[in-house]
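First the structure, in the form of structure tokens, and then the observations on it.
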Amino acid sequence: MKKIIFPMMFLGLMACKKDDSATPSTTTTTTSVDVTSVLKSKVTSDVTVSISGDNIILKSDGRPHNHKSPYWGTSNALYEAPPTGHVVNPNAMLSQNYTMTIPAKPTAASTHEATSIGAIGMALNGVAIYNNQEGPNTELDAGKISSLDGAGAHPEQTGAYHYHVTGTYTTQDDAKLVGFLRDGFPIYGRKDMDGTYPSNLDAYNGHTAPTTEFPNGIYHYHTRNENYLNTGYYILKSGSYYGTKGTFTQ
Ligand SMILES: [Zn+2]
Ligand SMILES: [Zn+2]
């Protein structure tokens with residue numbers, strides 16, 4: 001894997017040398033970046049990645065095998081108590097059969113489709129990412145927020161466990177890569193790689209700038225930099241996709 005990644009990154013650096021003087025943060029991406037190598041190297045072993053033409057296909061069972069949660073159940077080695085003041089909801093966390101298909105070279109859409117309830121992306125460990133909605137046009141209320149575990153997630157009635165807000169295991173006050181949304185663009189924590197909070201985010205809560213994984217710049221989303229009900233930072237609020245949404249079946 002590394003033999004493939006490093007030459008590609010090096011070539012990218014060389015090819016973009018002449019553009020180093022350009023402002024990286026506000027320009028619109030004119031050449032799409034292929035996310036395949038980074039995606040393959042960053043997802044956990046619980047995500048199966050395959051390529052189909054111009055698309056990347058990710059498969060997972062939707063459960064957080066790399067971190068603890070009260071929703072694993074008290075008999076599981078990955079059990080941990082919910083955060084203080086939180087109470088688990090009655091839904092069992094069940095294995096899912098997720099398939100997310102995204103473009104390998106995501107591009108801006110001419111019309112930006114709104115995100116909706118349900119999976120809007122997949123974290124690096126195969127867990128679904130939801131926005132701030134729990135029902136149609138309904139933002140999470142305090143009661144539902146209190147059922148989130150330390151990872152900012154809970155299962156719905158179908159057993160599908162999903163992240164709404166940032167938490168112990170995804171990103172907190174940092175620039176970590178969280179995962180990829182259904183349009184193929186990556187989503188990061190609240191900070192950029194230089195340790196600052198981005199100040200030029202667009203209507204989709206993203207911008208084009210260098211990241212640790214894409215040092216030549218790529219359009220990427222950031223998790224919201226506002227603490228909701230003093231409980232967490234939404235990974236994404238209701239809003240629209242920057243690119244064209246791929247499929248997510250479960
Ligand atoms: Zn939910
Ligand atoms: Zn950024």
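All ligand and atom numbering here is 1-based and tracks the order in the structure. Computed from a predicted structure; not experimentally measured. Because only heavy atoms are used, hydrogens play no part in the values below, and waters and symmetry mates are left out as well, while side chains stay in.
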Name of the Asp192 atom (N/O/S only) found closest to the Zn ion (ligand 2): OD1
Using 4.0 Å as the upper bound for N to carboxylate O, is an ion pair formed by Glu113 and Lys245? yes
For His222, the N, O or S atom at the shortest distance from the Zn ion (ligand 2) is NE2
Counting backbone and side-chain atoms alike, is an N, O or S atom of Glu156 positioned under 2.8 Å from the Zn ion (ligand 1)? no
Tyr233 six-ring centre to Arg190 NZ/CZ under 6.0 Å and within 45° of normal: yes
Flag the pair His164 / Glu134 as yes when at least one side-chain heavy-atom distance between them is below 4.5 Å, and no otherwise. yes
Aromatic ring pairing His222/Tyr188, orientation class (parallel under 30°, perpendicular over 60°, tilted between): tilted
With respect to the Zn ion (ligand 1), what is the nearest N, O or S atom of Glu134? OE1
Which atom pairs, one a donor and one an acceptor, fall under 3.5 Å between side chains of residues 99-110 and the rest of the protein, sequence neighbours left out?
{"residue": "Thr99", "atom": "OG1", "partner": "Lys59", "partner atom": "NZ", "Å": "3.1"}

Specify which N/O/S atom of His154 comes nearest to the Zn ion (ligand 1), by atom name. NE2
